[in-house]
Amino acid sequence: MNRWLPHPILTPGLVVVWLLLNNSFSLGTLLAGVLLGWAIPVFTLAFWPERVRIKTPLALLRFARIVLFDILVANLRVARLILAGPRHLRPAFVVVPLALKDDLAISVLANTICLTPGTVSARLAPDRTRLLVHALDVADPQRLVRTIKARYEAPLAEIFAC
């Protein structure tokens with residue numbers, strides 16, 4: 001079973017992403033999504049150093065809901081900032097100390113930050129204990145750190161049990 005369906009949670013996730021990217025639903029689009037959702041994990045299996053273990057799948061669903069909500073809110077905030085003009089921006093680089101140790105969890109955190117409009121992960125420290133984040137509008141750098149740790153890092157620690 002593992003050889004034919006190596007990442008059972010990733011496969012349906014890829015199907016959903018495929019359907020969202022196509023912005024349509026038809027039998028052909030669904031079949032292409034299922035084929036890609038199955039083939040990508042199977043053919044990239046050699047690149048995964050170890051099997052991904054999701055300790056709490058419900059926490060993963062909660063995390064996805066939080067991220068989608070934050071993306072929506074951040075889009076509105078960035079639009080407001082752009083309309084207000086550049087003089088209202090307070091860009092800053094902020095160092096976020098990391099408690100995560102798992103490479104996949106750190107990667108998901110860095111990518112989640114990049115997915116949220118107005119923030120981008122700029123650099124991971126060589127010892128993987130700090131992440132440099134650039135934000136478009138930072139009134140309080142410590143508040144940004146607390147938000148990232150509470151909304152993203154803590155759930156990822158629970159999901160990957162690290």
Side-chain angles (χ1 to χ4, degrees), residues 1-82 94 96 98-136 144 147-162:
M1 180 68 175
N2 287 344
R3 198 175 96 191
W4 291 105
L5 192 61
H7 300 287
I9 293 178
L10 179 61
T11 297
L14 289 171
V15 173
V16 169
V17 168
W18 177 258
L19 291 173
L20 290 172
L21 287 173
N22 277 283
N23 200 23
S24 67
F25 185 81
S26 68
L27 183 59
T29 305
L30 178 62
L31 289 175
V34 169
L35 178 66
L36 287 170
W38 167 80
I40 290 171
V42 167
F43 291 115
T44 62
L45 190 57
F47 299 107
W48 296 77
E50 58 190 49
R51 185 161 169 79
V52 176
R53 303 231 185 262
I54 305 294
K55 302 299 180 189
T56 51
L58 288 178
L60 180 61
L61 293 175
R62 286 191 306 269
F63 177 73
R65 187 184 74 225
I66 288 168
V67 170
L68 290 173
F69 176 78
D70 286 355
I71 289 171
L72 176 68
V73 170
N75 271 298
L76 297 173
R77 285 183 183 151
V78 168
R80 188 185 79 233
L81 287 169
I82 290 169
V94 177
V96 178
L98 298 178
L100 297 172
K101 301 299 179 214
D102 182 72
D103 286 341
L104 181 60
I106 293 171
S107 178
V108 171
L109 174 65
N111 284 290
T112 299
I113 291 168
C114 288
L115 282 172
T116 309
T119 57
V120 65
S121 300
R123 183 177 180 140
L124 178 63
D127 63 358
R128 292 174 163 49
T129 60
R130 297 173 314 283
L131 182 65
L132 183 64
V133 174
H134 181 270
L136 193 58
L144 177 61
T147 300
I148 289 171
K149 291 185 84 51
R151 292 187 70 79
Y152 306 140
E153 188 182 38
L156 287 171
E158 180 184 355
I159 291 166
F160 294 106
C162 50

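What you see is a predicted model, and the numbers here were worked out from it, not measured in a lab.
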Take Tyr152 and Thr116, measure what side-chain contact (heavy atoms from CB on, under 4.5 Å) needs, and give me the verdict at the end. CA-CA 11 Å; Tyr152 306 140; Thr116 309; 3.6 Å; yes
Could you please spell out the steps behind the side-chain contact (heavy atoms from CB on, under 4.5 Å) verdict for Val15 and Leu30? CA-CA 7 Å; Val15 173; Leu30 178 62; 4.2 Å; yes
Take Val78 and Asn75 through the test side-chain contact (heavy atoms from CB on, under 4.5 Å) and record every step on the way to the result. CA-CA 5 Å; Val78 168; Asn75 271 298; 5.9 Å; no
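Of the N and O atoms on the side chains of Asn22 and Ser24, not one donor lies less than 3.5 Å from an acceptor on the other residue.
Rounded to the nearest 0.5 angstrom, Leu72 CG and Arg77 CZ are separated by 10.5 Å. To the nearest 0.5 Å, the span separating CG on Leu10 from CD1 on Ile40 amounts to 8.0 Å. For the atom pair CG (Leu61) and CZ (Phe63), the distance works out to 12.0 Å, reported to the nearest 0.5 Å. Annotation: the span from Ile159 atom CD1 to Asp102 atom CG amounts to 11.5 Å, rounded to 0.5 Å. The CG atom of Leu60 sits 7.0 Å away from atom CZ of Phe160, with the distance rounded to the nearest 0.5 Å.
Ser121 places no side-chain N or O within donor-acceptor distance of the main-chain N or O of Ile113, the cut-off being under 3.5 Å. Between the side chain of Trp18 and the backbone N or O of Thr29 there is at least one donor-acceptor pair closer than 3.5 Å. For Glu153 (side chain) and Ala99 (main-chain N/O), a donor-acceptor pair under 3.5 Å exists by modelled atom type.
In plain terms, the two heavy atoms of Gly37 and Thr11 that are nearest each other are O-OG1, 3.0 Å. Residues Glu158 and Lys55 share a closest heavy-atom pair of O-CB, 4.0 Å. Minimum heavy-atom separation, Arg128 to Asp103: NE-OD1, 2.9 Å. Across all non-hydrogen atoms, the minimal contact from Ala150 to Pro155 is O-CD, 3.4 Å. Of all heavy-atom pairs between Val120 and Cys114, the closest is CG2-SG, 3.7 Å. Minimum heavy-atom separation, Ile71 to Pro117: O-CD, 4.0 Å.
When each of Ile148, Thr129, Leu109 is paired with Leu98, the side-chain contact (heavy atoms from CB on, under 4.5 Å) condition holds for Leu109 and for no other.
Within the 4.5 Å cutoff, side-chain heavy atoms of Thr112 are placed close to those of Val108.
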